[in-house]
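Reading through the structure tokens given below for one structure.
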Amino acid sequence: MADPVTHRQPSLAERAMAARGEAAAIGYLANLNPEQRAAVETIDGPVLVLAGAGTGKTRVLTTRIAHILASRRAFPGEILAVTFTNKAAREMKERIGHLVGEAVEGMPWLGTFHATGVKMLRRHAELVGLKPGFSILDTDDQIRLLRQLIQAENIDEKRWPARVLAGAIDGWKNRALTPDKVPAGEGGAYANGLGVKLYKDYQDRLKVLNAVDFGDLLLEVIRLFRENPDVLAHYQQRFKFLLVDEYQDTNVAQYLWLRLLAQRQEGRPQNICCVGDDDQSIYGWRGAEVDNILRFDKDFPGATVIRLERNYRSTGHILAAASHLIAHNEGRLGKTLFTDGEDGERPTLTSVWDSEEEARSVGEEIEQLQRQGHALNEMAILVRASFQMREFEDRFITIGLPYRVIGGPRFYERLEIRDALAYLRCVAQPADDLAFERIVNTPKRGLGDATLQLLHDHARARNVPLMQAARVMVETEEFKPKARNALKSLIDAFDGWAAKLDTLPHQELAELVLDESGYTEMWQKDRTAEAAGRLENLKELVRSMEEFENLAGFLEHIALVTDARGEGESDDAVSIMTLHSAKGLEFDSVFLPGWEEGLFPHQRALDESGRAGLEEERRLAYVGITRARRNARIYFAGNRRIHGLWQSTVPSRFVNELPEGHVTIAEGLGTSGYGGMGRGGFGESRFDKAGAFSSTYATPGWQRAQAQKSLADAQGRFTGRSGSQAFGSTFAEGRGGFQGRLTERSGGGRTIDGELVAKSTGEPSRHKVGDRVFHLKFGYGEVVAADGNKLTVQFDKAGEKKVVDSFVEAA
DNA sequence: CCAGTTTTGGTTTTT
DNA sequence: CCAAAACTGG
């Protein structure tokens, strides 16, 4: 631990403290294998840790930080550690806390790239032409703003949708391309060459609005550093150690950002440590450059590269299958995972007739595992595309299997949350035009396009915010009386709220705003299936504000956070999610359906990115398999409904890339009992049934599905989309009753042949024929038949369904 | 301005 | 086929 020359001689006290640190360090270092230990202890100079799946990546990262702290090489504030997600950042903070004990009060510079960017930008906002209170636009604001600019240019919005332009701008920003740097060819691709001009207009407009988008959080910092060497030097000197998680996911902007901070300085080693796995790079399509990790040692000459190949997660066969598959990729650094653990079960390969049978098979296997004592929480279904989820949801509802969809729309993206936030933004920052526009006529106040247009013109002409324009204009005769009055009372309301900003606790203020604005009422009157959930989410939003000191702090947080999960860990439920959102997670049993050409690898990935696309798809497959600790089960169907029509499909090439010796061809569970659909091995099931039926509804799969549907009598638990459960407490709790039921089922319910033998209570239902009822998933409907606790309900939107009594309530 | 209807398009997702 | 967005008529 020789100090670099530039360091002053440590004092005696410091040396004694360091010695204590060293002693404590031995405790945590002892838990590491030699490679991990090397990754932790190689402190000076650039280090790249290639951490295969399940090799203890996070442990290395956190221990390394703990080690730096414990050995007193740096104070917490002198370490910059960046992650991609808030979740990862949170997890790291927690684990460092555990390692170091209470000694460290947090790490101020451990966070996402974006959060770190904001922090720096707020401090130096003026240097890049912003005011410190700048607001952060999300995708939706961004699109609305672009739409205005597109309209201003008189461009046909049908042909050139704003979201396409938003995508293009995003892409440019990912690559750190400012408007002047966009390659001519690309800029011309949008709206006859107006793309770049619009990009520029957009940036100008952002400055006027004192706003930035997500991309700017990186780009503006880069600009800040480049144009202000003193600021850059300040941060370079401050951060003695840089750590980067998931380096394979960095885009060009993030790479440049890091490189500036990590620049070589006189007499000081580049203490940058990047951790990642090129084989798990699955975000190329949103700008990640695998190349960053592939050429790390060129960017940082003299880098130490450490491979973590000892896997602690999966059994031998699973690891072998995954390794063999990924070995088909050419553009990789190459790692060979191994384990000392047992071989375990071979991954299975199951050929099914169609997606319906796929869902049924998976359901049966899950129930079988459950009977063997496996927790549903330890099982996951990982799909390539979210449309695949539906079939599983339907099936699980039918058999009453609790499930949980991970991913879905994120909490903050929900309409009601965004509306509520817009109100709060207007209160906190009256100049926030985009927020104002959003809520000016929500709930309906009779302030339509015409009024808004007038407001816009006025605001634009005087160069003032919309709110200000409105304030002036309500005193004139420019509006029709109706609009004028509506606007007047809205402004008065905002004045009232703003006056209470400093006196009223922000939580109460939020409630007041939502009530007085009529927003809550709007949803109370709404009778659609979602309304109840939306109100629940609004309550949750207010509740979640508790943790923040004031409104501004809360709004800052919310702009950067997309917590997709509050996760009802208490419920035992199977997880359904995309392969992408499964990265970083692990389960005992993993089900991998839909391994068919066109779907996985996805056709579009192949068409748009060719070989690189194929390799990324293969990495996805690798990520999927390596999520499994003990069981990995792969499925492919011979027929799948794509855009409504049945198409026959070919097994994925990835299936054939699995090593024969490490997989088992499933002999079909044979429990289906329906016409003995022999699910033999490869293709067999396709062979004996295809041909006779061309497509459409004549297929046996479809007919059987119909038969099965009418048999399905048990209604599954509604285990809400996780998105609605963000911010801690669950959606289900809010509506009462469901949690209890859930436990009842997981304890006692038995299934035979996939059909839930609903332990019919025999008691007549609370609801009788003709009653109006409400169901969380299907919405409102009318009971058309009742048999004990089983009801047949004609839902207004979802059609006729058989549901268990306990899942509906009187409407 | 709203409700009901037609049209359209339908990988992956974080900040 | 099915959900969301874009239209159209009251």
Side-chain angles (χ1 to χ4, degrees), chain A residues 82-89 111-118 136-139 142 157-158 161 163 167 170 173-174 212-219 246 249-251 253-254 281-288 355 382-391 394 406-410 412-413 415 441-451 482-483 486 528 530 556-564 577-584 594 598-609 613 616-617 619-621 623-624 640-647 696-697 702 723 797-799:
Chain A
V82 281
T83 62
F84 274 84
T85 62
N86 292 295
K87 192 181 156 212
T112 62
F113 277 97
H114 297 268
T116 309
V118 181
I136 302 163
L137 303 194
D138 57 40
T139 324
Q142 203 182 343
E157 222 213 299
K158 299 278 136 51
R163 47 181 324 99
D170 237 38
K173 289 192 173 178
N174 281 335
V212 294
D213 64 16
F214 284 122
D216 288 341
L217 294 179
L218 301 171
L219 280 192
E246 306 278 18
D249 287 338
T250 49
N251 61 31
Q254 285 154 339
S281 162
I282 55 176
Y283 286 113
W285 52 272
R286 70 173 196 216
S355 47
L382 311 183
V383 298
R384 172 67 247 261
S386 39
F387 75 84
Q388 292 173 264
M389 294 179 179
R390 191 203 192 93
E391 209 120 24
D394 283 352
I406 310 283
R410 283 168 289 282
Y412 90 114
E413 275 175 8
L415 180 79
N441 200 30
T442 311
K444 301 281 179 273
R445 304 189 168 87
L447 297 169
D449 288 345
T451 314
K482 210 175 103 197
T528 54
E530 307 90 56
E556 172 91 343
H557 168 85
I558 215 74
L560 293 172
V561 151
T562 53
D563 259 350
M577 68 186 97
T578 62
L579 286 159
H580 283 92
S581 39
K583 194 169 81 158
L599 175 59
F600 191 33
H602 200 280
Q603 193 57 49
R604 228 158 121 175
L606 303 181
D607 292 346
E608 284 169 15
S609 316
E616 183 155 312
E617 296 286 295
R619 291 193 291 267
L620 251 191
V623 166
R640 190 171 292 273
R641 202 166 47 186
I642 297 163
H643 302 337
L645 40 127
W646 286 94
Q647 301 203 290
T696 77
Y697 309 146
W702 196 84
K797 294 249 169 65

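Here is how names work: the chains are called A, B, and so on, in the same order as the sequence lines, proteins then strands, and each is numbered from 1.
- Under the side chain to side chain donor-acceptor pair (under 3.5 Å) criterion, A:Asp170 pairs with no residue, sequence neighbours left out.
- By the side chain to side chain contact (heavy atoms under 4.5 Å, CB included) test, A:Pro443 pairs with A:Tyr423, A:Arg445, A:Tyr519, A:Met522, sequence neighbours left out.
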Restricting to nitrogen or oxygen on both sides, can you table the protein-nucleotides 9-11 of chain B pairs closer than 3.5 Å?
unit_1, atom_1, unit_2, atom_2, d
B:dT11, OP1, A:Arg604, NH1, 3.3
B:dT11, O4', A:His602, NE2, 3.3

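- With sequence neighbours left out, the side chain to side chain donor-acceptor pair (under 3.5 Å) criterion links A:Glu556 to A:Arg122.
- Between A:Leu560 and A:Asn86, the shortest heavy-atom distance links the atoms O-ND2, 3.0 Å.
- The two residues A:Ala288 and A:Asp249 have their closest heavy-atom pair at CB-O, 3.4 Å.
- The C1' atoms of C:dA6 and B:dT11 are separated by 24 Å, rounded to the nearest whole Å.
- For A:Asp216 (side chain) and A:Leu219 (main-chain N/O), no donor-acceptor pair under 3.5 Å exists by modelled atom type.
- Nucleotide B:dT13 holds its P atom 14 Å from the CZ atom of A:Arg163, rounded to whole Å.
- Contacts of A:Glu616 classified as side chain to side chain contact (heavy atoms under 4.5 Å, CB included), with partners at least two apart in sequence or in another chain: A:Trp285, A:Arg619.
- In this view, A:Glu608 and A:Arg604 satisfy the side chain to side chain contact (heavy atoms under 4.5 Å, CB included) rule, not counting sequence neighbours.
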Heteroatom pairs (N/O) under 3.5 angstrom, protein to nucleotides 3-8 of chain B:
none

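- Minimum interatomic distance between A:Arg384 and A:Leu599 (heavy atoms only, all atoms of both residues): CG-O, 3.1 Å.
- Atoms CG (A:Leu599) and C1' (B:dT12) sit 11 Å apart, rounded to a whole Å.
- Distances were taken from every side-chain heavy atom of A:Arg641 (C-beta onward) to each of C:dC1, B:dT13, B:dC2; the shortest belongs to C:dC1.
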Produce the list of close N/O pairs, under 3.5 Å, pairing protein atoms with atoms of nucleotides 6-10 of chain C; give distances to one decimal.
unit_1, atom_1, unit_2, atom_2, d
C:dC7, OP1, A:Lys158, NZ, 3.0
C:dC7, OP2, A:Lys158, NZ, 3.3

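- Whole-Å rounding puts the A:Ile406 CD1 to B:dT12 C1' distance at 16 Å.
- Between A:Tyr283 and A:His580, the closest heavy-atom pair is OH-O, 3.4 Å.
- Remark: A:Thr250 pairs with A:Asn292 by the side chain to side chain donor-acceptor pair (under 3.5 Å) rule, at least two apart or across chains.
- Here the P atom of nucleotide C:dA3 and the CG atom of A:Leu415 are 18 Å apart, to the nearest Å.
- The phosphate of B:dC1 (OP1 or OP2) has no side-chain N or O of A:Arg445 nearer than 4.0 angstrom.
- In this structure A:Glu391 satisfies the side chain to side chain contact (heavy atoms under 4.5 Å, CB included) test together with A:Ser355, A:Glu356, A:Ala359, sequence neighbours excluded.
- Distance A:His114 NE2 to B:dT13 P: 17 Å, rounded to the nearest Å.
- Nucleotide B:dT11 carries a syn base; the chi torsion (O4'-C1'-N9-C4 or O4'-C1'-N1-C2) is within 90° of 0.
- For the pair A:Asn174 CG and B:dT13 C1', the computed distance is 12 Å after rounding to whole Å.
- For A:Asp213, the side chain to side chain donor-acceptor pair (under 3.5 Å) criterion is met by A:Lys173, A:Tyr202, not counting sequence neighbours.
- Atoms CD (A:Gln647) and C1' (C:dC1) sit 13 Å apart, rounded to a whole Å.
- In this structure, A:Asp138 atom CG and B:dT13 atom P are separated by 18 Å, rounded to whole Å.
- The backbone N or O of A:Phe600 sits nowhere less than 3.5 Å from a side-chain atom of A:Glu617 that would complete a donor-acceptor pair.
- Across all strands, A:Asn251 comes closer than 4.0 Å to no nucleic acid atom at all (heavy-atom distances).
- Listed by first residue number, the stems of DNA chain B with at least three Watson-Crick or G-U pairs below 3.5 Å are B:1-10 with C:1-10.
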